[in-house]
**Student:** 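To start, I am sharing the structure in question, which I have written as structure tokens.
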Amino acid sequence: MSYLTDAPIDSATLMRSVLRLSDGAAIVFDGVVRNHHDGKQVESIFYDAYRPMAEKEIEKVVRAVEREFPVVAIAVLHRLGELRVGDVSISIACTSPHRAEAYEASRAVIDRIKKTVPIWKKERGPNGEEWVGWQT
Amino acid sequence: MSYLTDAPIDSATLMRSVLRLSDGAAIVFDGVVRNHHDGKQVESIFYDAYRPMAEKEIEKVVRAVEREFPVVAIAVLHRLGELRVGDVSISIACTSPHRAEAYEASRAVIDRIKKTVPIWKKERGPNGEEWVGWQT
Amino acid sequence: MKVRLLLFAVLRDITGKSEAELSLADGTRAADVWQLMLRDYPRLAGYSQPPLIAVNENYAAPDTLLREGDELAFIPPVAGG
Amino acid sequence: MKVRLLLFAVLRDITGKSEAELSLADGTRAADVWQLMLRDYPRLAGYSQPPLIAVNENYAAPDTLLREGDELAFIPPVAGG
């Protein structure tokens, strides 16, 4: 299964894809395009990726967090391309018999994905566009 | 709006009901009927409530957590009646410009609802049925 | 005075009722009604702790004085979520 | 030796290319290619830090020796999620 998609994300379906009969808790984290960043207005975001490497790096994060929380099942889907305000850019579903581990795993997955996965975003707003994160 | 329902819960719709243009993170917690509890097999759960008081107590939890995390918007829906394994019993959506507060608020809401809201569950399994939590 | 008693979950199963109208002496406190319940339904004595009490849809102390028209409910340990 | 260079995001915008085939001397290390980039695209010198480096779809140290057929990519600070 791919962790990347060019289509809108259906978080509920993602969650159901990992939910087991023994799970009592499901945490879904959705990253959403918001209308502001660093004080600037945002209208849309273009997500670019080094796709095969991004797939591998997300897989590494998922496997590592699953090893740390063996009772948790994890699904991740990151959308690429042009997204508008309100669109879901990433969805992370963590299911578990009890909720504590699902919350912990969910935060670990998003924190690590943001650090290591080769995905970039260009923000577009009324005053132009800019790739986020690399400053001149 | 009511916090209680007798119908299946649509978590995605609940999340969208509170998502604002300024929100970059949405955490949805779904409580799900699982097939075991305290070592016993579970086939279904019947949820009963003191409805008007449960509405008020959920409202108190939501308002208190919103006061503690003013940037977070919160929606809660608890299902009552007969639920089967895999059915969502409660959905809690927390949206926020950034994710940290949404995670914190989400955990606070479910932790407190489980302590104070007058809702009860009767578990049904192959060996009979039992109201959970009050021991003889 | 008349007080309306609501019964939920295990209490409804044990009493076979979802509500009852009680005629009580003035000065009756909420916890006194639980004593009446224990007298009428001895099975309830087997539970490890008395239930919490709600008067008019709010949690209330056991020594709350009841008044005409109050709605009283016993709240066994909750299990929502 | 030939090495395939992949360019993403801001690097693609600055160079106007999404990939390039490089002919490099044996013994060339990954970071040496970044020096070539700085020579060809002086704008890149304005960035506060050099990008990370990936060789064959894995993060690699700057002093990694390149080999015939390697796929090299520079990874500016990531911003997924």
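Per chain, numbering begins at 1; letters A, B, ... match sequence-line order.
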**Student:** Specify the closest pair of heavy atoms between D:G81 and A:S89, including all atoms of both residues, with the distance to one decimal.
**Tutor:** O-OG, 3.1 Å
**Student:** Does D:A9 offer a backbone N or O that forms a donor-acceptor pair with the side chain of A:D48 under 3.5 Å?
**Tutor:** yes
**Student:** Please determine, among A:G31, A:S91, A:P118, the option with the most heavy-atom pairs under 4.5 Å with chain D.
**Tutor:** A:P118
**Student:** Quick check on the interface: out of D:P76, D:P51, D:G46, D:A73, who has the most heavy-atom pairs with chain A under 4.5 Å?
**Tutor:** D:P76
**Student:** For the residue pair D:Q49 and A:W134, what are the closest heavy atoms and their distance?
**Tutor:** O-NE1, 3.1 Å
**Student:** Please name the pair of heavy atoms, one in D:A54 and one in A:M53, separated by the smallest distance, quoted to 0.1 Å.
**Tutor:** CB-SD, 3.5 Å
**Student:** Side chain, backbone, both or neither: which part of A:W120 has a non-hydrogen atom closer than 4.5 Å to chain D?
**Tutor:** both
**Student:** Check whether A:Y50 gets within reach of chain D through its side chain, its backbone, both or neither, counting any heavy atom under 4.5 Å.
**Tutor:** both
**Student:** I need the A:R51 CZ to D:F8 CZ distance, nearest 0.5 Å.
**Tutor:** 10.0 Å
**Student:** Name the region of A:K121, side chain, backbone, both or neither, that has any atom closer than 4.5 Å to a heavy atom of chain D.
**Tutor:** both
**Student:** Is the shortest heavy-atom distance from the side chain of D:V78 to the side chain of A:E57 under 4.5 Å?
**Tutor:** no
**Student:** Please classify the contact of D:L11 with chain A as side chain, backbone, both or neither, using a heavy-atom distance under 4.5 Å.
**Tutor:** side chain
**Student:** Is A:K115 in contact with chain D via its backbone, its side chain, both, or neither, using a 4.5 Å heavy-atom distance?
**Tutor:** backbone
**Student:** Using non-hydrogen atoms only, which part of D:D13 is less than 4.5 Å away from chain A: side chain, backbone, both, or neither?
**Tutor:** side chain
**Student:** With a 4.5 angstrom heavy-atom cut-off, which part of A:A54 approaches chain D: side chain, backbone, both or neither?
**Tutor:** neither
**Student:** Return the minimal non-hydrogen interatomic distance between D:G80 and A:K114, and the atom names on each side.
**Tutor:** O-CG, 3.5 Å
**Student:** Which of the residues A:V132, A:T116, A:L80 is involved in the greatest number of heavy-atom pairs with chain D at under 4.5 angstrom?
**Tutor:** A:T116
**Student:** Does any heavy atom of chain A fall under 4.5 Å from the side chain of D:L6, the backbone, both, or neither of them?
**Tutor:** side chain
**Student:** Is chain A contacted by the side chain of D:R43, its backbone, both, or neither, given a heavy-atom distance below 4.5 Å?
**Tutor:** neither
